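Beneath this line is the structure, given in C-alpha coordinates, with notes to follow.
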Number of protein chains: 2
Amino acid sequence: MPKLIDHGERREEIASAAWRVILRDGVGAASVRSVAAEAGLSPGSLRHVFASQSQLLAFAMKLVIDRADARVEALTLRGTGLQSAEDIVVELLPIDEERVIEMEVYLALFAASGSDPMLRDARHDVFTRVRNGCRRIIYLIDHGQNPKPEAEIQGEVTALHALLDGLAAHLVWQPTEMDADQARGIIVSHLRELASRRKND
Amino acid sequence: MPKLIDHGERREEIASAAWRVILRDGVGAASVRSVAAEAGLSPGSLRHVFASQSQLLAFAMKLVIDRADARVEALTLRGTGLQSAEDIVVELLPIDEERVIEMEVYLALFAASGSDPMLRDARHDVFTRVRNGCRRIIYLIDHGQNPKPEAEIQGEVTALHALLDGLAAHLVWQPTEMDADQARGIIVSHLRELASRRKND
DNA sequence: AACTTGATAGTACAATTGTACTTTTATAAT
DNA sequence: ATTATAAAAGTACAATTGTACTATCAAGTT
(Lines give C-alpha, C1' and ligand atoms only; values in the text may rest on other atoms or scores of the structure.)
Protein backbone atom coordinates (compact mmCIF):
# COMPACT_ATOMS: atom_id res chain seq x y z
CA MET A 1 0.00 0.00 0.00
CA PRO A 2 1.24 3.40 -0.83
CA LYS A 3 1.28 6.58 1.12
CA LEU A 4 -2.25 7.81 1.69
CA ILE A 5 -3.29 11.43 1.95
CA ASP A 6 -6.43 13.03 3.33
CA HIS A 7 -7.79 14.36 0.08
CA GLY A 8 -10.35 16.59 1.72
CA GLU A 9 -7.76 18.32 3.84
CA ARG A 10 -5.40 18.69 0.93
CA ARG A 11 -8.11 20.23 -1.17
CA GLU A 12 -8.73 22.85 1.47
CA GLU A 13 -5.03 23.63 1.69
CA ILE A 14 -4.84 24.14 -2.06
CA ALA A 15 -8.05 26.15 -2.14
CA SER A 16 -6.78 28.50 0.54
CA ALA A 17 -3.58 28.90 -1.45
CA ALA A 18 -5.80 29.84 -4.38
CA TRP A 19 -7.51 32.40 -2.17
CA ARG A 20 -4.17 34.01 -1.35
CA VAL A 21 -3.24 34.22 -5.02
CA ILE A 22 -6.63 35.67 -5.97
CA LEU A 23 -6.35 38.23 -3.19
CA ARG A 24 -2.80 39.22 -4.09
CA ASP A 25 -2.97 39.20 -7.89
CA GLY A 26 -6.61 38.74 -8.91
CA VAL A 27 -8.51 35.82 -10.43
CA GLY A 28 -6.64 36.15 -13.70
CA ALA A 29 -3.44 35.20 -11.94
CA ALA A 30 -4.87 32.07 -10.34
CA SER A 31 -3.22 29.67 -12.76
CA VAL A 32 -2.51 26.07 -11.96
CA ARG A 33 1.17 26.89 -11.67
CA SER A 34 0.87 29.92 -9.42
CA VAL A 35 -1.56 28.20 -7.07
CA ALA A 36 0.65 25.14 -6.91
CA ALA A 37 3.65 27.33 -6.11
CA GLU A 38 1.69 29.18 -3.44
CA ALA A 39 0.72 25.85 -1.88
CA GLY A 40 4.29 24.60 -2.04
CA LEU A 41 3.42 21.87 -4.52
CA SER A 42 4.36 20.97 -8.04
CA PRO A 43 1.78 21.47 -10.78
CA GLY A 44 1.72 17.72 -11.22
CA SER A 45 0.80 17.19 -7.59
CA LEU A 46 -1.98 19.69 -7.77
CA ARG A 47 -3.36 17.96 -10.80
CA HIS A 48 -3.40 14.76 -8.79
CA VAL A 49 -5.99 16.34 -6.49
CA PHE A 50 -7.85 18.66 -8.85
CA ALA A 51 -8.26 17.26 -12.33
CA SER A 52 -8.75 20.68 -13.87
CA GLN A 53 -8.51 24.35 -13.10
CA SER A 54 -12.29 24.70 -13.13
CA GLN A 55 -12.59 22.08 -10.41
CA LEU A 56 -10.07 23.94 -8.31
CA LEU A 57 -11.79 27.30 -8.64
CA ALA A 58 -15.26 25.84 -8.10
CA PHE A 59 -14.04 24.20 -4.91
CA ALA A 60 -12.44 27.45 -3.78
CA MET A 61 -15.75 29.22 -4.30
CA LYS A 62 -17.78 26.69 -2.37
CA LEU A 63 -15.26 26.73 0.45
CA VAL A 64 -16.10 30.38 1.06
CA ILE A 65 -19.71 29.54 1.82
CA ASP A 66 -18.76 26.48 3.83
CA ARG A 67 -16.73 28.70 6.13
CA ALA A 68 -19.51 31.27 6.43
CA ASP A 69 -22.05 28.53 7.11
CA ALA A 70 -19.85 27.13 9.83
CA ARG A 71 -19.60 30.53 11.50
CA VAL A 72 -23.37 31.01 11.40
CA GLU A 73 -23.98 27.54 12.79
CA ALA A 74 -21.58 28.24 15.63
CA LEU A 75 -23.59 31.29 16.72
CA THR A 76 -25.53 31.01 19.95
CA LEU A 77 -28.66 32.89 19.11
CA ARG A 78 -29.85 35.70 21.35
CA GLY A 79 -33.35 36.28 22.61
CA THR A 80 -35.84 37.72 20.17
CA GLY A 81 -36.08 36.80 16.52
CA LEU A 82 -34.96 40.24 15.45
CA GLN A 83 -31.82 40.13 17.55
CA SER A 84 -30.86 36.73 16.21
CA ALA A 85 -31.52 37.86 12.66
CA GLU A 86 -29.19 40.79 13.17
CA ASP A 87 -26.48 38.53 14.50
CA ILE A 88 -26.69 36.25 11.50
CA VAL A 89 -26.73 38.99 8.90
CA VAL A 90 -23.79 40.77 10.45
CA GLU A 91 -21.90 37.49 10.39
CA LEU A 92 -22.37 37.35 6.62
CA LEU A 93 -20.96 40.82 6.02
CA PRO A 94 -17.23 41.24 5.40
CA ILE A 95 -16.59 43.17 8.59
CA ASP A 96 -13.12 41.95 9.47
CA GLU A 97 -10.08 40.94 7.48
CA GLU A 98 -10.90 37.25 7.39
CA ARG A 99 -14.39 37.96 6.08
CA VAL A 100 -13.11 40.53 3.59
CA ILE A 101 -10.81 37.90 2.16
CA GLU A 102 -13.64 35.42 1.81
CA MET A 103 -15.94 37.95 0.23
CA GLU A 104 -13.33 39.16 -2.20
CA VAL A 105 -12.77 35.63 -3.39
CA TYR A 106 -16.51 35.00 -3.53
CA LEU A 107 -17.15 38.03 -5.72
CA ALA A 108 -14.12 37.54 -7.92
CA LEU A 109 -15.07 33.97 -8.72
CA PHE A 110 -18.72 34.87 -9.11
CA ALA A 111 -17.88 37.49 -11.67
CA ALA A 112 -15.35 35.31 -13.44
CA SER A 113 -17.59 32.27 -13.63
CA GLY A 114 -18.88 33.42 -17.02
CA SER A 115 -19.81 30.38 -19.05
CA ASP A 116 -17.54 27.73 -17.51
CA PRO A 117 -20.03 24.94 -16.70
CA MET A 118 -18.30 23.85 -13.51
CA LEU A 119 -18.06 27.39 -12.18
CA ARG A 120 -21.64 28.09 -13.20
CA ASP A 121 -22.82 25.16 -11.11
CA ALA A 122 -20.80 26.29 -8.14
CA ARG A 123 -22.13 29.80 -8.58
CA HIS A 124 -25.71 28.62 -8.57
CA ASP A 125 -25.12 26.45 -5.54
CA VAL A 126 -23.52 29.29 -3.62
CA PHE A 127 -26.25 31.72 -4.62
CA THR A 128 -28.93 29.33 -3.42
CA ARG A 129 -27.26 28.79 -0.07
CA VAL A 130 -27.01 32.52 0.60
CA ARG A 131 -30.60 32.97 -0.54
CA ASN A 132 -31.69 30.26 1.91
CA GLY A 133 -29.79 32.00 4.67
CA CYS A 134 -31.76 35.15 3.91
CA ARG A 135 -34.97 33.18 4.03
CA ARG A 136 -34.08 31.86 7.45
CA ILE A 137 -33.50 35.40 8.63
CA ILE A 138 -36.86 36.60 7.39
CA TYR A 139 -38.56 33.65 9.06
CA LEU A 140 -36.78 34.51 12.29
CA ILE A 141 -38.21 38.01 12.15
CA ASP A 142 -41.61 36.61 11.35
CA HIS A 143 -41.42 34.36 14.36
CA GLY A 144 -44.43 34.92 16.58
CA GLN A 145 -46.14 37.26 14.14
CA ASN A 146 -49.18 36.61 12.08
CA PRO A 147 -48.08 34.48 9.17
CA LYS A 148 -47.74 36.49 5.96
CA PRO A 149 -48.61 35.39 2.42
CA GLU A 150 -45.71 33.49 0.89
CA ALA A 151 -45.43 35.94 -2.02
CA GLU A 152 -44.70 38.83 0.30
CA ILE A 153 -42.11 36.83 2.19
CA GLN A 154 -40.45 35.96 -1.11
CA GLY A 155 -40.12 39.61 -1.95
CA GLU A 156 -38.53 40.42 1.34
CA VAL A 157 -36.09 37.55 1.07
CA THR A 158 -35.09 38.66 -2.40
CA ALA A 159 -34.63 42.27 -1.31
CA LEU A 160 -32.55 41.33 1.72
CA HIS A 161 -30.34 39.12 -0.41
CA ALA A 162 -29.74 41.88 -2.95
CA LEU A 163 -29.00 44.45 -0.27
CA LEU A 164 -26.60 42.06 1.42
CA ASP A 165 -24.67 41.29 -1.74
CA GLY A 166 -24.60 44.95 -2.77
CA LEU A 167 -23.20 46.03 0.57
CA ALA A 168 -20.64 43.24 0.46
CA ALA A 169 -19.53 44.26 -3.01
CA HIS A 170 -19.10 47.87 -1.99
CA LEU A 171 -17.21 46.94 1.16
CA VAL A 172 -14.78 44.90 -0.88
CA TRP A 173 -14.48 47.03 -4.01
CA GLN A 174 -14.76 50.55 -2.59
CA PRO A 175 -13.68 50.31 1.05
CA THR A 176 -12.94 54.04 1.04
CA GLU A 177 -16.61 54.79 0.38
CA MET A 178 -18.17 52.11 2.55
CA ASP A 179 -17.02 50.86 5.92
CA ALA A 180 -18.17 48.00 8.08
CA ASP A 181 -20.04 50.17 10.59
CA GLN A 182 -22.03 51.87 7.87
CA ALA A 183 -22.92 48.55 6.26
CA ARG A 184 -23.94 47.06 9.57
CA GLY A 185 -26.10 50.10 10.30
CA ILE A 186 -27.86 49.87 6.96
CA ILE A 187 -28.63 46.20 7.31
CA VAL A 188 -29.77 46.49 10.90
CA SER A 189 -32.11 49.38 10.20
CA HIS A 190 -33.47 47.53 7.17
CA LEU A 191 -34.32 44.58 9.41
CA ARG A 192 -35.80 46.79 12.12
CA GLU A 193 -38.09 48.59 9.71
CA LEU A 194 -39.14 45.27 8.31
CA ALA A 195 -39.95 43.99 11.79
CA SER A 196 -41.87 47.10 12.82
CA ARG A 197 -43.87 47.06 9.60
CA ARG A 198 -44.81 43.50 10.47
CA LYS A 199 -45.98 44.51 13.88
CA ASN A 200 -48.14 47.32 12.57
CA ASP A 201 -50.30 45.33 10.21
CA MET B 1 -1.59 65.17 -44.77
CA PRO B 2 -2.68 61.60 -44.22
CA LYS B 3 -6.06 60.06 -43.70
CA LEU B 4 -7.67 61.31 -40.51
CA ILE B 5 -9.96 59.27 -38.30
CA ASP B 6 -12.40 60.30 -35.64
CA HIS B 7 -10.62 58.76 -32.69
CA GLY B 8 -13.53 59.16 -30.34
CA GLU B 9 -15.88 57.29 -32.61
CA ARG B 10 -13.33 54.59 -33.32
CA ARG B 11 -12.77 54.09 -29.61
CA GLU B 12 -16.48 53.52 -29.13
CA GLU B 13 -16.59 51.02 -31.97
CA ILE B 14 -13.71 49.08 -30.46
CA ALA B 15 -15.18 49.29 -26.96
CA SER B 16 -18.50 47.91 -28.15
CA ALA B 17 -16.63 45.09 -29.85
CA ALA B 18 -15.00 44.45 -26.48
CA TRP B 19 -18.46 44.34 -24.93
CA ARG B 20 -19.55 41.66 -27.37
CA VAL B 21 -16.48 39.55 -26.61
CA ILE B 22 -16.95 39.94 -22.86
CA LEU B 23 -20.60 38.97 -23.20
CA ARG B 24 -19.91 35.97 -25.37
CA ASP B 25 -16.78 34.57 -23.73
CA GLY B 26 -16.16 36.49 -20.48
CA VAL B 27 -13.60 39.08 -19.47
CA GLY B 28 -10.81 36.56 -19.55
CA ALA B 29 -11.31 36.20 -23.29
CA ALA B 30 -11.12 39.93 -23.98
CA SER B 31 -7.60 39.83 -25.35
CA VAL B 32 -6.22 42.44 -27.70
CA ARG B 33 -6.41 39.94 -30.53
CA SER B 34 -9.95 38.76 -29.96
CA VAL B 35 -11.31 42.27 -29.57
CA ALA B 36 -9.48 43.40 -32.69
CA ALA B 37 -10.91 40.48 -34.63
CA GLU B 38 -14.41 41.22 -33.33
CA ALA B 39 -14.02 44.84 -34.44
CA GLY B 40 -12.72 43.76 -37.84
CA LEU B 41 -9.30 45.29 -37.22
CA SER B 42 -5.77 44.06 -36.96
CA PRO B 43 -4.13 43.98 -33.52
CA GLY B 44 -1.75 46.63 -34.77
CA SER B 45 -4.58 48.97 -35.67
CA LEU B 46 -6.17 48.52 -32.31
CA ARG B 47 -2.93 49.35 -30.63
CA HIS B 48 -2.84 52.54 -32.65
CA VAL B 49 -5.98 53.70 -30.83
CA PHE B 50 -5.54 52.07 -27.42
CA ALA B 51 -1.94 51.97 -26.27
CA SER B 52 -2.57 49.07 -23.91
CA GLN B 53 -5.17 46.52 -22.93
CA SER B 54 -5.84 48.33 -19.67
CA GLN B 55 -6.72 51.51 -21.54
CA LEU B 56 -9.14 49.60 -23.71
CA LEU B 57 -10.91 47.91 -20.84
CA ALA B 58 -11.05 51.09 -18.76
CA PHE B 59 -12.63 52.89 -21.68
CA ALA B 60 -15.12 50.07 -22.18
CA MET B 61 -16.10 50.35 -18.52
CA LYS B 62 -16.61 54.10 -18.60
CA LEU B 63 -18.63 53.81 -21.79
CA VAL B 64 -21.23 51.80 -19.89
CA ILE B 65 -21.91 54.68 -17.54
CA ASP B 66 -21.79 57.24 -20.35
CA ARG B 67 -24.61 55.39 -22.03
CA ALA B 68 -26.63 55.07 -18.84
CA ASP B 69 -26.08 58.76 -18.07
CA ALA B 70 -27.27 59.71 -21.52
CA ARG B 71 -30.44 57.68 -21.06
CA VAL B 72 -31.15 59.31 -17.71
CA GLU B 73 -30.52 62.78 -19.11
CA ALA B 74 -32.92 62.07 -21.96
CA LEU B 75 -35.74 61.31 -19.52
CA THR B 76 -38.52 63.86 -19.30
CA LEU B 77 -39.28 63.78 -15.63
CA ARG B 78 -42.82 63.21 -14.48
CA GLY B 79 -44.72 65.15 -11.85
CA THR B 80 -43.80 64.48 -8.27
CA GLY B 81 -40.30 63.89 -6.95
CA LEU B 82 -41.12 60.32 -6.10
CA GLN B 83 -42.35 59.51 -9.60
CA SER B 84 -39.26 61.00 -11.18
CA ALA B 85 -37.05 59.12 -8.76
CA GLU B 86 -38.73 55.89 -9.75
CA ASP B 87 -38.21 56.62 -13.42
CA ILE B 88 -34.51 57.24 -12.93
CA VAL B 89 -33.86 54.21 -10.80
CA VAL B 90 -35.68 51.92 -13.16
CA GLU B 91 -33.58 53.31 -15.98
CA LEU B 92 -30.47 52.18 -14.13
CA LEU B 93 -31.64 48.60 -13.72
CA PRO B 94 -30.83 46.01 -16.38
CA ILE B 95 -34.43 45.48 -17.41
CA ASP B 96 -34.02 44.89 -21.13
CA GLU B 97 -31.40 43.23 -23.26
CA GLU B 98 -29.44 46.37 -23.99
CA ARG B 99 -29.21 47.21 -20.31
CA VAL B 100 -28.36 43.64 -19.37
CA ILE B 101 -25.44 43.78 -21.74
CA GLU B 102 -24.20 47.01 -20.24
CA MET B 103 -24.58 45.76 -16.71
CA GLU B 104 -22.85 42.49 -17.43
CA VAL B 105 -19.87 44.33 -18.82
CA TYR B 106 -19.95 46.77 -15.92
CA LEU B 107 -19.87 44.01 -13.33
CA ALA B 108 -17.35 41.86 -15.13
CA LEU B 109 -14.90 44.72 -15.45
CA PHE B 110 -15.59 45.88 -11.94
CA ALA B 111 -14.75 42.48 -10.55
CA ALA B 112 -11.73 42.04 -12.80
CA SER B 113 -10.25 45.44 -12.08
CA GLY B 114 -8.25 43.99 -9.20
CA SER B 115 -5.03 45.90 -8.83
CA ASP B 116 -4.55 47.23 -12.36
CA PRO B 117 -4.06 50.97 -11.72
CA MET B 118 -5.86 52.09 -14.86
CA LEU B 119 -8.88 49.88 -14.19
CA ARG B 120 -8.89 50.91 -10.54
CA ASP B 121 -9.21 54.53 -11.56
CA ALA B 122 -12.01 53.78 -13.97
CA ARG B 123 -13.73 51.70 -11.31
CA HIS B 124 -13.60 54.53 -8.81
CA ASP B 125 -14.87 57.01 -11.35
CA VAL B 126 -17.77 54.80 -12.32
CA PHE B 127 -18.64 54.07 -8.71
CA THR B 128 -18.72 57.77 -7.90
CA ARG B 129 -20.98 58.57 -10.82
CA VAL B 130 -23.51 55.93 -9.82
CA ARG B 131 -23.33 57.11 -6.23
CA ASN B 132 -24.05 60.67 -7.36
CA GLY B 133 -27.01 59.42 -9.36
CA CYS B 134 -28.36 57.84 -6.18
CA ARG B 135 -27.83 61.09 -4.34
CA ARG B 136 -29.85 62.94 -6.96
CA ILE B 137 -32.67 60.46 -6.51
CA ILE B 138 -32.75 60.89 -2.76
CA TYR B 139 -32.78 64.66 -3.19
CA LEU B 140 -35.68 64.31 -5.59
CA ILE B 141 -37.65 62.44 -2.97
CA ASP B 142 -36.69 65.00 -0.37
CA HIS B 143 -37.93 67.78 -2.58
CA GLY B 144 -40.50 69.85 -0.77
CA GLN B 145 -40.02 68.05 2.53
CA ASN B 146 -38.39 69.38 5.63
CA PRO B 147 -34.65 69.23 5.01
CA LYS B 148 -33.06 66.29 6.78
CA PRO B 149 -29.66 66.20 8.47
CA GLU B 150 -26.93 65.43 5.95
CA ALA B 151 -25.81 62.34 7.85
CA GLU B 152 -29.20 60.72 7.44
CA ILE B 153 -29.30 61.52 3.74
CA GLN B 154 -25.86 59.98 3.33
CA GLY B 155 -27.09 56.76 4.87
CA GLU B 156 -30.05 56.60 2.54
CA VAL B 157 -27.91 57.29 -0.52
CA THR B 158 -25.49 54.55 0.48
CA ALA B 159 -28.27 52.07 1.10
CA LEU B 160 -29.98 52.81 -2.20
CA HIS B 161 -26.72 52.42 -4.07
CA ALA B 162 -26.00 49.06 -2.46
CA LEU B 163 -29.52 47.79 -3.13
CA LEU B 164 -29.31 48.92 -6.75
CA ASP B 165 -25.98 47.21 -7.39
CA GLY B 166 -27.09 44.07 -5.59
CA LEU B 167 -30.25 43.81 -7.68
CA ALA B 168 -28.28 44.45 -10.84
CA ALA B 169 -25.79 41.74 -9.97
CA HIS B 170 -28.53 39.20 -9.32
CA LEU B 171 -30.38 40.12 -12.52
CA VAL B 172 -27.23 39.51 -14.51
CA TRP B 173 -25.76 36.55 -12.69
CA GLN B 174 -28.89 34.64 -11.65
CA PRO B 175 -31.59 35.65 -14.09
CA THR B 176 -33.51 32.47 -13.24
CA GLU B 177 -33.87 33.63 -9.63
CA MET B 178 -34.45 37.32 -10.24
CA ASP B 179 -36.42 38.95 -13.02
CA ALA B 180 -36.83 42.55 -14.05
CA ASP B 181 -40.35 42.94 -12.64
CA GLN B 182 -39.30 41.69 -9.26
CA ALA B 183 -36.30 43.99 -9.17
CA ARG B 184 -38.37 46.97 -10.23
CA GLY B 185 -40.93 46.17 -7.54
CA ILE B 186 -38.28 45.97 -4.84
CA ILE B 187 -36.68 49.26 -5.79
CA VAL B 188 -39.99 51.08 -6.14
CA SER B 189 -41.32 49.91 -2.79
CA HIS B 190 -38.00 50.83 -1.20
CA LEU B 191 -38.37 54.36 -2.54
CA ARG B 192 -42.02 54.59 -1.52
CA GLU B 193 -41.32 53.55 2.04
CA LEU B 194 -38.52 56.03 2.16
CA ALA B 195 -40.83 58.78 0.97
CA SER B 196 -43.63 57.89 3.36
CA ARG B 197 -41.23 57.73 6.28
CA ARG B 198 -40.16 61.25 5.35
CA LYS B 199 -43.68 62.47 5.41
CA ASN B 200 -44.37 60.98 8.82
CA ASP B 201 -41.66 62.68 10.79
C1' DA C 1 2.87 64.41 -59.66
C1' DA C 2 5.59 63.95 -55.64
C1' DC C 3 5.63 63.71 -50.86
C1' DT C 4 4.40 63.71 -46.02
C1' DT C 5 2.36 61.37 -42.51
C1' DG C 6 -1.46 59.15 -40.05
C1' DA C 7 -3.92 54.69 -40.37
C1' DT C 8 -3.56 49.84 -41.00
C1' DA C 9 -1.65 45.40 -41.57
C1' DG C 10 1.31 41.93 -40.60
C1' DT C 11 4.96 39.63 -38.15
C1' DA C 12 7.89 38.46 -34.35
C1' DC C 13 9.06 37.31 -29.67
C1' DA C 14 9.31 36.20 -25.04
C1' DA C 15 6.32 34.79 -21.50
C1' DT C 16 2.59 32.20 -19.64
C1' DT C 17 -1.09 29.20 -19.95
C1' DG C 18 -3.76 24.26 -19.29
C1' DT C 19 -3.07 19.77 -19.78
C1' DA C 20 -0.81 15.38 -20.65
C1' DC C 21 2.82 12.62 -19.83
C1' DT C 22 6.93 10.16 -17.61
C1' DT C 23 9.87 9.56 -13.77
C1' DT C 24 11.03 9.46 -9.00
C1' DT C 25 9.87 8.97 -4.09
C1' DA C 26 7.77 7.08 -0.12
C1' DT C 27 4.84 4.03 2.47
C1' DA C 28 2.33 0.04 4.00
C1' DA C 29 1.15 -4.74 3.13
C1' DT C 30 3.28 -9.07 2.22
C1' DA D 1 13.37 -7.25 2.35
C1' DT D 2 10.52 -7.05 -1.44
C1' DT D 3 6.91 -5.09 -3.84
C1' DA D 4 2.73 -2.74 -5.25
C1' DT D 5 0.91 1.65 -5.68
C1' DA D 6 -0.46 6.38 -4.34
C1' DA D 7 1.78 10.81 -4.15
C1' DA D 8 4.92 14.06 -5.86
C1' DA D 9 7.96 15.93 -9.02
C1' DG D 10 9.39 17.07 -13.30
C1' DT D 11 9.09 17.66 -18.33
C1' DA D 12 6.99 18.57 -22.65
C1' DC D 13 3.91 20.77 -25.88
C1' DA D 14 0.71 23.31 -28.36
C1' DA D 15 -1.86 27.40 -27.81
C1' DT D 16 -2.49 32.07 -26.46
C1' DT D 17 -1.09 36.12 -24.43
C1' DG D 18 0.67 41.52 -24.47
C1' DT D 19 3.59 44.26 -26.67
C1' DA D 20 6.98 45.83 -30.01
C1' DC D 21 8.34 46.36 -34.43
C1' DT D 22 8.42 46.92 -39.54
C1' DA D 23 6.12 47.32 -43.88
C1' DT D 24 2.23 48.84 -46.56
C1' DC D 25 -1.65 51.79 -47.69
C1' DA D 26 -4.16 56.01 -48.43
C1' DA D 27 -5.26 60.79 -48.35
C1' DG D 28 -4.52 65.55 -48.62
C1' DT D 29 -0.92 69.35 -49.07
C1' DT D 30 2.47 71.25 -51.89
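Since this is a predicted model, take the numbers as computed values, not measurements.
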- prompt: Taking only N and O in the side chain of H7(B), is any of them less than 4.0 Å away from OP1 or OP2 of dG6(C)?
  reply: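 Looking at the OP1 and OP2 atoms of dG6(C), neither is under 4.0 Å from any side-chain N or O of H7(B).
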query: Closer than 4.0 Å, any side-chain N/O of S31(A) to the OP1 or OP2 of dT16(C)?
result: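 Negative; the distance criterion is not met.
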Atom [atom1] of [X] and atom [atom2] of [N]: how far apart are they, to the nearest Å?
X       : N       : atom1 : atom2 : value
R47(B)  : dG6(C)  : CZ    : P     : 17 Å
R11(B)  : dA7(C)  : CZ    : C1'   : 15 Å
D116(A) : dG18(C) : CG    : P     : 12 Å
L46(B)  : dA20(D) : CG    : P     : 14 Å
L119(B) : dG18(D) : CG    : C1'   : 14 Å
F50(A)  : dA20(C) : CZ    : P     : 16 Å
R33(A)  : dA12(D) : CZ    : P     : 13 Å
D25(A)  : dT17(C) : CG    : P     : 10 Å

- request: Mark yes when over 12 heavy atoms from residues, nucleotides or ligands other than R24(B) sit less than 6.0 Å from its CZ; otherwise mark no.
  value: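 Yes - once you tally the heavy atoms of other residues, nucleotides and ligands closer than 6.0 Å, there are more than 12.
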- request: Mark yes when over 12 heavy atoms from residues, nucleotides or ligands other than R136(A) sit less than 6.0 Å from its CZ; otherwise mark no.
  value: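 No, the 6.0 Å shell around CZ holds no more than 12 heavy atoms from other groups.
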query: Taking the side chain of L4(A) as heavy atoms from C-beta outward, which of dA7(C), dA8(D), dA7(D) is closest to it?
result: dA7(D)
message: By nearest atom, which of the nucleotides dT19(C), dA9(D), dG6(C) is closest to the H48(B) side chain?
response: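 Nearest to the side chain of H48(B) among the choices is dG6(C).
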- prompt: Is there a donor-acceptor contact under 3.5 Å from the side chain of R131(B) to the main chain of H161(B)?
  reply: no
Check: M178(A) main-chain N/O paired with Q182(A) side-chain donor or acceptor under 3.5 Å: no
field: Candidate list R71(B), R184(B), R67(B), test salt bridge (Lys or Arg N to Asp or Glu O under 4.0 Å), partner E91(B), passing option
entry: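 Only one of R71(B), R184(B), R67(B) forms a salt bridge (Lys or Arg N to Asp or Glu O under 4.0 Å) with E91(B), namely R71(B).
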task: Name the residue closer to the 5' end of DNA chain C, choosing between A29(A) and G44(A) according to the nucleotide with the nearest heavy atom.
output: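 So the residue in question is A29(A).
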query: Quick one: on DNA chain D, does Q53(B) or R10(A) contact a more 5' nucleotide (nearest heavy atom)?
result: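 Result of the comparison: R10(A).
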